[in-house]
*Asks:* 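Sending over a structure as structure tokens; questions will come in a sec.
This structure is a prediction, so every number in the text was calculated from the model and none was measured.
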Number of protein chains: 6
Amino acid sequence: MGRVARADGRSDEALRDVRITRGYQDWPAGSVLVEFGRTRVLCAASVQEGVPRWRTGSGLGWVTAEYAMLPSATNTRGPRESVKGKIGGRTHEISRLVGRSLRSCIDMSALGENTITLDCDVIQADGGTRTAAITGAYVALADSVTWLRAAKRLADPKPLSCAVSAVSVGVVDGKVRLDLPYEEDSRAEVDMNVVATDHGTFVEVQGTGEGATFPRSTLDKMLDMALAGSTRLCELQAEVLAEPYPGKLPGSAA
Amino acid sequence: MGRVARADGRSDEALRDVRITRGYQDWPAGSVLVEFGRTRVLCAASVQEGVPRWRTGSGLGWVTAEYAMLPSATNTRGPRESVKGKIGGRTHEISRLVGRSLRSCIDMSALGENTITLDCDVIQADGGTRTAAITGAYVALADSVTWLRAAKRLADPKPLSCAVSAVSVGVVDGKVRLDLPYEEDSRAEVDMNVVATDHGTFVEVQGTGEGATFPRSTLDKMLDMALAGSTRLCELQAEVLAEPYPGKLPGSAA
Amino acid sequence: MGRVARADGRSDEALRDVRITRGYQDWPAGSVLVEFGRTRVLCAASVQEGVPRWRTGSGLGWVTAEYAMLPSATNTRGPRESVKGKIGGRTHEISRLVGRSLRSCIDMSALGENTITLDCDVIQADGGTRTAAITGAYVALADSVTWLRAAKRLADPKPLSCAVSAVSVGVVDGKVRLDLPYEEDSRAEVDMNVVATDHGTFVEVQGTGEGATFPRSTLDKMLDMALAGSTRLCELQAEVLAEPYPGKLPGSAA
Amino acid sequence: MGRVARADGRSDEALRDVRITRGYQDWPAGSVLVEFGRTRVLCAASVQEGVPRWRTGSGLGWVTAEYAMLPSATNTRGPRESVKGKIGGRTHEISRLVGRSLRSCIDMSALGENTITLDCDVIQADGGTRTAAITGAYVALADSVTWLRAAKRLADPKPLSCAVSAVSVGVVDGKVRLDLPYEEDSRAEVDMNVVATDHGTFVEVQGTGEGATFPRSTLDKMLDMALAGSTRLCELQAEVLAEPYPGKLPGSAA
Amino acid sequence: MGRVARADGRSDEALRDVRITRGYQDWPAGSVLVEFGRTRVLCAASVQEGVPRWRTGSGLGWVTAEYAMLPSATNTRGPRESVKGKIGGRTHEISRLVGRSLRSCIDMSALGENTITLDCDVIQADGGTRTAAITGAYVALADSVTWLRAAKRLADPKPLSCAVSAVSVGVVDGKVRLDLPYEEDSRAEVDMNVVATDHGTFVEVQGTGEGATFPRSTLDKMLDMALAGSTRLCELQAEVLAEPYPGKLPGSAA
Amino acid sequence: MGRVARADGRSDEALRDVRITRGYQDWPAGSVLVEFGRTRVLCAASVQEGVPRWRTGSGLGWVTAEYAMLPSATNTRGPRESVKGKIGGRTHEISRLVGRSLRSCIDMSALGENTITLDCDVIQADGGTRTAAITGAYVALADSVTWLRAAKRLADPKPLSCAVSAVSVGVVDGKVRLDLPYEEDSRAEVDMNVVATDHGTFVEVQGTGEGATFPRSTLDKMLDMALAGSTRLCELQAEVLAEPYPGKLPGSAA
């Protein structure tokens, strides 16, 4: 009985090949290249002493994120936002989503008055850049926390309360499918991004009908599939983080 | 048995008092003042011949939205974005949400090459400004469509396929509650905005854990309550739209 | 002998219907909706402790104003200045005029180191928006001074030295006319805005020939008519301010 | 009997030394250095074929102005507006005033579809820069009209209907005084700029009480003095324009 | 006999390890990762039909470049220029240098009315980012020309007249040294960047005394060393370009 | 045998007529009008107590420069950068070059915590504006140092270690020529700017092939000619600086 397979041969509920490379750059405390199929995002976690002025003296840390796309990352070259002189609405929105998502897994009083900036720069885009960014940024964040711990700059040694990953899910050709590449994403009737923890709880749910509206039953099916995908991503994060910190930690022997 | 009532005496699943006033301004084809309790948003639908360049010649119309807040709308005066010289991320994000939501209920080929701009200006903010804006913008959009029909400028006389309304829902003090005022919103553990149609389907679902994550069971309960709230709002929209157009239509006798 | 009446039946020296509504918004210390015919401007006076840096430690207060127009306020929708990323010359000019005018009636040392920001947002424009703004802003300023007095934050209890109002006057169809609506303003040969006090003195006089120049005799006639109009507006301000403060004052019983 | 003389020994109703130098730069069609005492403004009139888009095809010309101050022109160095990335309110306001004033003396249909841009750059500021700018810009405009006539690009050979000049007047030390230098301007109680024609009519009148308000009698005295000053400036303009065009005109022998 | 060795053990006239990886991204016609030691720059050449408006109809092509640095590329995280809303002077300057350098090796009439944009994004910075960018951009440009040739979109099949590479040279610790890493660059007394061709001619020479000035003899020595370095870089470019195009060319069998 | 003379009759190695006028403006501590033929640049040196924040407390002074062009300075009127809202790449680049060049001749610890801002505003452009700007800025800088010395605000009375001047040199019509006017500059095959000291050493060398590349022998010839030109310019600087300070110094008798 005829079922329309996905272009890359995956089943509807399968993730693309996911690769997470730690220690991609030398300077930031955490630097991770994350790949969801052809989508590649460089996630760097930079540590800075102190917090923004409105938070100074609170004893609390801060985590913020900036998402951007290289002009050469997309099928057709995109204009550079620094040249246009302003950040577009989409960039703003994703930067805010990434920051909010990562703040949900860290205890700010344990972090102490340190700021961690998560730069998520898309090297190559093929759908799901924001979910890859969140998934990779968690690993970079974890590495930067390890670095701060070694530098004895944390107020409490265990600020991370859970792991966070994200995945897209959508309705394409009338089917609910996981982890959409650009070719599916661009014609999806419903498009949803789900951020979840390794405890199986939600951090953020954003679903949009693109020209179509969707019933509760479809929403339920999408949520099921996304949670399963996120669980798998959190396993992959745990696997790579089981390896030692990919560089020299403060205070370690040369 | 002791239950913590809401500050305004409402039950958890009740909307605030909702008032929708059509014909608030004289010039735009649709102009609606919508009030959700103390939250007041002025929604204007302005009609312009032609569409943006990238759509010209397609035979399709366009609907776009701009959301903004008066500096005096908030408890503490906010800076004016025109003076700062750029639009903040939150403003961008809500403008995009309003535009997307309203585009979901209109058939662009029936609209023909006309552009409708929905300006949602918050006169007074007390939580739920984006959901009030969407709910009011639908009524302004409907009035502007009536105006275009009278002006014989529609490609097809019935471009609207459904009604759209929106409501917030959240977890406050451990309880799921509908239509949060600022006092509840600012301390909600989970915050969700749901845009839905009068057919009971979803247009957009955006839920965020604020410092907390949330299980599937809570999400389900929030979705139930939001759908019921949206259904009630669509009834109110239908009631006010049953009245005649609040001004002079093109082609009507003086 | 045939005299060309004005479109709204007024005599040349008459004001339009003027309405001043105090307490229009809940949060600012002063909030006034002022209407000159169809022109409607929301004037809010927000109070902030302290003064700009260049004035800190002087013991003097500060009053500043920002004027803006809603995109939907005009006959044809105007672009939003926050979206354009800069404020136009006209907006700048009127903001400066409103600020300067209101500073002329307040004793800065009596105000003490408080800042009052006057936001004048045009809800609907039909000529004379800047003069309506000044006239309404004075009432909002007076309410915010009452609020500061109740809060015991003034250095001296009577900082206001006079009342200020403004009105336009112009030459249309060869006749000098008061308080021009858009239809007259757009074809006036000479256009003048006069800001005056309830003592009958001038604060600001701005007259411009639009394509025409004008003799001293015409200027004199315009000044006479404007002073009479301003006197009438100051009477209306005094009438509405004779009513109690439209909200709860600091320190008053609940 | 004790009269407080002005710092430079002038009588209250006297102008400062005024010098007008034509042909100051080689490229623009008109280039004039105007000096009111120590105030020096370079006024250039550049000619461009065609008019702004909104005027194209109307057969009408356009005159516009841009006023700016060199950072080194003021007693204390001012920041450069190009570096700040935006034009201040004062610059905007004066640019608009200069443009409006010069448009009052030229017949746009006689000019034909040409644009003349008047750049008024203040080389040294000592009060009255805007009035010097208008006075010098008229001479530059006249030269650029001569150039256009020689190039046979005017629709009608006599587009200028009158001459335009401007002067400041104010109340200083309780006295009405003409053409205020910075030292007087900065402590004037009332400050007025008057733009007038060589026919003795007004183009623009802008008077402002600085911390003080002023009665009708003072306003009358200021207007008298300003008209007399403007008449004298128009005589000086006529004298310098009686000399031949200070360069090579199109079509003239080498 | 005491000679102070360089921190990485190189001789004064040696390049760092140079690696050039073609086909780094999938979408652009040319995409090259170039590494000079720890400095890593991603150079993408994107092809677009047509040329900027001012060149349209000339039959000539256009090559332009944009240089930027990832915030995470530097030792201490740098601010994002898109967030600041403007491009800094250094970025501007290098973008212009890269564009100018690459335009020197291509015949614009042979290119035909195509635009090639060279995006040089620094992934990791350790001195010499602009010279690495130019060296890598040439290889990306060559690949994009191969792509255009396969697509039969060139006016003439051989638009490249020479190869271009660049290298830094400076005076550090009193010695002339080639290809400075950040540690040397930041304390160099003289700093020079030389762009040269594989024919041994110069494209651009930029030398700056940093707090010091330098005699002709030092300049001569720097020029000698830089030319030798550039010759070696052009050989490396030729080696990697001897390999086939790293992707699918238009018109080639699947 | 026929040699093509330069349009202005100069020999290839001759400078244009150079005029340096000190004391051009009244307010800045140094103010110099420099002319290279028709190129005229106003160079002002403004003194400010204190240094930028990043340098405060170091005991070191600071010298910075801003270069700009009047819209009316060029053959065809250029747009005003303050109106465009951003500074172009060329302006940025030249401002940085001027600042760097002048910093090379001053000892920052002798200057003490003072800031000198060099504003170089081009009044008329005919090629070589940046080299004229540097040459004139040195004289303005020297005057501002004299002023600071008289005001007893220097840490050491002799902060200037050498004089600095600049000149352009290029290949035009196959010949190496000095000090190019616009007509030659715009068609030069190679264009070089050389900044040098009165000791015959280099401060900055910037050479660019415009569409052509150039051999070492041409570079050598250009460097020879530029050094000779710079030597002559330094002599002219010394001549004008031999005259007394053109104004009233602090502390001098009235």
*Asks:* Any side-chain to backbone donor/acceptor pair from T39(B) onto A125(B)? Under 3.5 Å, distance only.
*Replies:* no

*Asks:* Relative to chain B, which segment of D220(A) carries a heavy atom at a distance below 4.5 Å: side chain, backbone, both, or neither?
*Replies:* both

*Asks:* Could you check which of K86(A), R100(A), M192(A), M108(A) has the highest count of heavy-atom pairs closer than 4.5 Å to chain B?
*Replies:* R100(A)

*Asks:* Looking at chain B, which one of Q206(A), H92(A), R96(A) has the largest number of heavy-atom pairs inside 4.5 Å, strictly under?
*Replies:* R96(A)

*Asks:* Contact part of L223(B) toward chain A, heavy-atom cut-off under 4.5 Å: side chain, backbone, both or neither?
*Replies:* both

*Asks:* May I ask you to say whether D173(B) pairs ionically with R187(B), meaning some side-chain N is under 4.0 Å from a carboxylate O?
*Replies:* yes

*Asks:* Give a yes or no on whether the backbone of I87(B) and the side-chain of T91(B) come within a donor-acceptor separation of less than 3.5 Å.
*Replies:* no

*Asks:* So does D224(A) pair up with R216(B), basic N to acidic O under 4.0 Å?
*Replies:* yes

*Asks:* Measure from the side-chain N and O atoms of T56(B) to the backbone N and O of P52(B), and report whether any donor-acceptor pair falls under 3.5 Å.
*Replies:* yes

*Asks:* Measure T208(B) against the heavy atoms of chain A and call it side chain, backbone, both or neither at under 4.5 Å.
*Replies:* both

